[in-house]
Amino acid sequence: MKFLFELMLSMLMLTHGSSSDPLTREDVQNYLKTHHLQYADAKIVNDRSALLVDVKGEHAKASILTKSADNKLLMQPNEYVWEEDEEGISVERLGRYLCVVIHDKARSHDMDFVNIVYVDDNGDERKDRYYFNGKQAIIIPMPTRKESLVVAIYGNDGFIQDMVKRFPETVLQQNHL
């Protein structure tokens, strides 16, 4: 199921040349408001598509919202669902993006930020920091062609969770996501 979701996401990301107006953050917010939907985070991945992440208890769900050539917004039927870890956190790679989710079990830690640590192409260690800003999930760009990352999540109460996420290079090269 994840493969099909990522395939659809990558196909939508490669689609260019639409005669429609580009998808905007306002388009996404208006669609969600009109349809009475709430998502923890949304990331516009190209001029026609947005990746959305929702959190319900121990499950997180990724969906794709697209804008057609005639400027209609459409939620794609495929979704990808995954579960929290024992601490109430989940980190999932979807295409060129990393979804960091704080499930209900871990919300009491008032998560502040996440550091993504990796070695760049010059062999230097890099650390990219992303703030939750009160959100329950964040969608962040993956560092290009990295086989492993350290994901360190920090709460305002002193909570820290470090995890190593591995992504085989062959998978990243095949998908070109």
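Excluded from the calculations below are hydrogen atoms, water molecules and symmetry mates; all remaining heavy atoms, backbone and side chain alike, are included.
Taking all atoms of both residues into account, the shortest heavy-atom contact from Glu83 to His59 is OE2-NE2, 3.4 Å. When all heavy atoms of Asp157 and His109 are compared, the pair lying nearest together is OD2-ND1, 2.8 Å. Of all heavy-atom pairs spanning Trp82 and Cys99, the tightest one is CZ2-CB, 4.0 Å.
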Assess the residue pair Ile89 and Ile102 against the criterion (side chain to side chain contact (heavy atoms under 4.5 Å, CB included)); give the C-alpha distance rounded to whole Å, side-chain angles, the decisive distance to 0.1 Å, and a yes or no. CA-CA 5 Å; Ile89 294 171; Ile102 308 306; 4.2 Å; yes

Checking Lys127 against Val150 for the side chain to side chain contact (heavy atoms under 4.5 Å, CB included) test, could you report, in this order, the C-alpha distance in whole Å, the side-chain angles of both residues, the deciding distance, and whether it holds? CA-CA 9 Å; Lys127 179 173 24 175; Val150 174; over 6 Å; no

Can you list the steps and then say if Lys43 with Asp41 is a salt bridge (Lys or Arg N to Asp or Glu O under 4.0 Å)? CA-CA 7 Å; Lys43 179 80 164 178; Asp41 197 16; over 6 Å; no

If you apply the rule side chain to side chain contact (heavy atoms under 4.5 Å, CB included), what do you find for Arg129 with Asn115, and how did you get there? CA-CA 4 Å; Arg129 179 170 288 181; Asn115 285 335; 2.9 Å; yes

After noting the C-alpha distance and the side-chain angles of Arg93 and Lys165, does the key distance pass the side chain to side chain contact (heavy atoms under 4.5 Å, CB included) rule? CA-CA 9 Å; Arg93 180 184 63 85; Lys165 298 299 280 184; over 6 Å; no

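The residues Asp54 and Lys56 are annotated as salt-bridged, a charged nitrogen and a carboxylate oxygen being separated by less than 4.0 angstrom.
Within 6.0 Å of atom CG in Asp121, 12 or fewer heavy atoms from other residues, nucleotides or ligands are found, so the atom counts as exposed in its surroundings.
The main-chain N or O of Glu86 is found under 3.5 Å from a side-chain atom of Lys105 such that the two form a donor-acceptor pair. Within the 3.5 Å criterion, the main-chain N or O of Ser90 finds no donor-acceptor partner in the side chain of Glu84. Between the side chain of Arg107 and the backbone N or O of Gly88, no donor-acceptor pair lies under 3.5 Å. Between the Asn156 side chain and the Asp110 main chain, a donor and an acceptor come within less than 3.5 Å of each other. With Asn71 contributing its side chain and Asp21 its backbone, the two residues share a donor-acceptor pair below 3.5 Å. In this structure a side-chain-to-backbone donor-acceptor pair under 3.5 Å is present from Asp85 to Glu87. At least one donor-acceptor pair under 3.5 Å links the side chain of Thr66 to the backbone N or O of Leu74. At distances below 3.5 Å, at least one donor-acceptor pair connects side-chain atoms of Asn30 with backbone N or O atoms of Glu26.
In this structure, the separation between CG on Asp112 and CZ on Phe132 is 9.0 Å, given to the nearest 0.5 Å. To the nearest 0.5 angstrom, Asp27 atom CG is 9.5 Å from Gln29 atom CD.
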